[in-house]
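Okay, structure first, notes after.
All residue numbers in this chain count up from 1 along the given sequence.
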Amino acid sequence: MAGHVLGGKTDSPAAANSLETDGIARFAVDEHNKRENALLEFVRVVEAKEQVVAGTVHHLTLEALEAGRKKIYEAKVWVKPWLNFKELQEFVHTGDATSFTTSDLGAKKGDHEPGWRDVPVHDPVVKDAADHAVKTIQQRSNSLFPYELLEIIHAKAEVVEDFAKFDILLKLKRGTKEEKMKAEVHKNLEGTFVLSQMQPEHDESSSQ
């Protein structure tokens, strides 16, 4: 347990894509289905955090299908590998996932509703778009301090022909300074993100 704070929760970005975390998330979905007589289908892990106790408690944000609709769930799984012990402690629905996957974009091409619409900030695709924006902003910046994404404040999306546009308001940190940035990110049918434009967002509420 060296290097871990006992009881502390740590982000595990790499773990979110690992086979081990994938297996734990599938276990969580299966256990929930057994307990609730549900028929959820696991899609993917969105976010993973670990808490070291007597073993490890995995705090997972995952995406699953229910009757064909994508939804976001928070799951908590306690694992003691040396005892081959695994227990689902919590499984909660937190919201619907935005259907802006590659296949959804293809299906919506030509028959989508025009115009921007609000989308959940915790949606996996919105998070991916925000991460791409921050990475690109960092690459274009000559600052010695890296940009850190603190929060996705608001997000809108629009499907246009063969790509999706995301209008995202981000709260960033650079060194000791916090700032808000508005970014427009495009995602094409191949799943590639491109930062179209960005500009600082001035907080008008403080001047009112």
Taking side chain as C-beta onward, heavy atoms only, is V57 less than 4.5 Å from Q89? yes
Is there a side-chain contact between V79 and P81 (heavy atoms, below 4.5 Å)? yes
For the residue pair [X] and [Y], what are the closest heavy atoms and their distance?
X	Y	result
L88	A28	CD2-O, 3.5 Å
V185	A129	CG2-O, 3.7 Å
A130	L149	CB-CD2, 4.1 Å
F91	A75	CD1-CB, 3.8 Å
L195	A183	CD1-CB, 3.8 Å
L40	V29	O-CG1, 3.6 Å

Partner residues of E178 under the salt bridge (charged side-chain N to carboxylate O under 4.0 Å, His left out) criterion, sequence neighbours left out: none
Quick check on [X]: does its [atom1] atom have over 12 non-hydrogen neighbours (other residues, nucleotides or ligands) under 6.0 Å away?
X	atom1	result
L83	CG	yes
K182	NZ	no
F85	CZ	yes

So V125 and K187, side-chain contact (heavy atoms from CB on, under 4.5 Å) or not? Walk me through it. CA-CA 9 Å; V125 184; K187 181 188 180 189; 4.0 Å; yes
Working to the nearest 0.5 angstrom, can you tell me the gap between [X] [atom1] and [Y] [atom2]?
X	Y	atom1	atom2	result
E90	W78	CD	CH2	14.5 Å
L170	L150	CG	CG	10.0 Å
F145	K177	CZ	NZ	12.0 Å
K127	I152	NZ	CD1	6.5 Å
E74	L62	CD	CG	8.0 Å
E151	L169	CD	CG	8.5 Å

Would you say [X] and [Y] are hydrophobically clustered, going by side-chain heavy atoms of ILVMFWY under 4.5 Å?
X	Y	answer
V121	F193	yes
M198	Y147	yes
V43	I72	no

Candidate pair R69 and E66, rule salt bridge (charged side-chain N to carboxylate O under 4.0 Å, His left out), full reasoning: CA-CA 5 Å; R69 288 189 64 188; E66 182 181 32; over 6 Å; no
Would you call R44 and D128 a salt bridge, using N to O less than 4.0 angstrom? yes
Residues D22 and R26 bridged, charged N to O under 4.0 Å: yes
For salt bridge (charged side-chain N to carboxylate O under 4.0 Å, His left out), just list the numbers for K180 and E201, CA-CA rounded to whole Å, side-chain angles, deciding distance to a tenth of an Å, and then say yes or no. CA-CA 5 Å; K180 290 179 183 176; E201 177 77 5; over 6 Å; no
Do H132 side-chain atoms and V134 backbone N/O form a donor-acceptor pair below 3.5 Å? no
Applying side-chain contact (heavy atoms from CB on, under 4.5 Å) to R35 and H32, what does each step give before you reach the verdict? CA-CA 5 Å; R35 292 180 189 180; H32 172 76; 5.9 Å; no
Residues K86, E31; criterion side-chain contact (heavy atoms from CB on, under 4.5 Å); working and verdict: CA-CA 10 Å; K86 211 182 284 177; E31 280 295 296; over 6 Å; no
Go through H154 and D118 one step at a time and tell me if the side chain to side chain donor-acceptor pair (under 3.5 Å) criterion holds. CA-CA 8 Å; H154 186 251; D118 290 343; 3.3 Å; yes
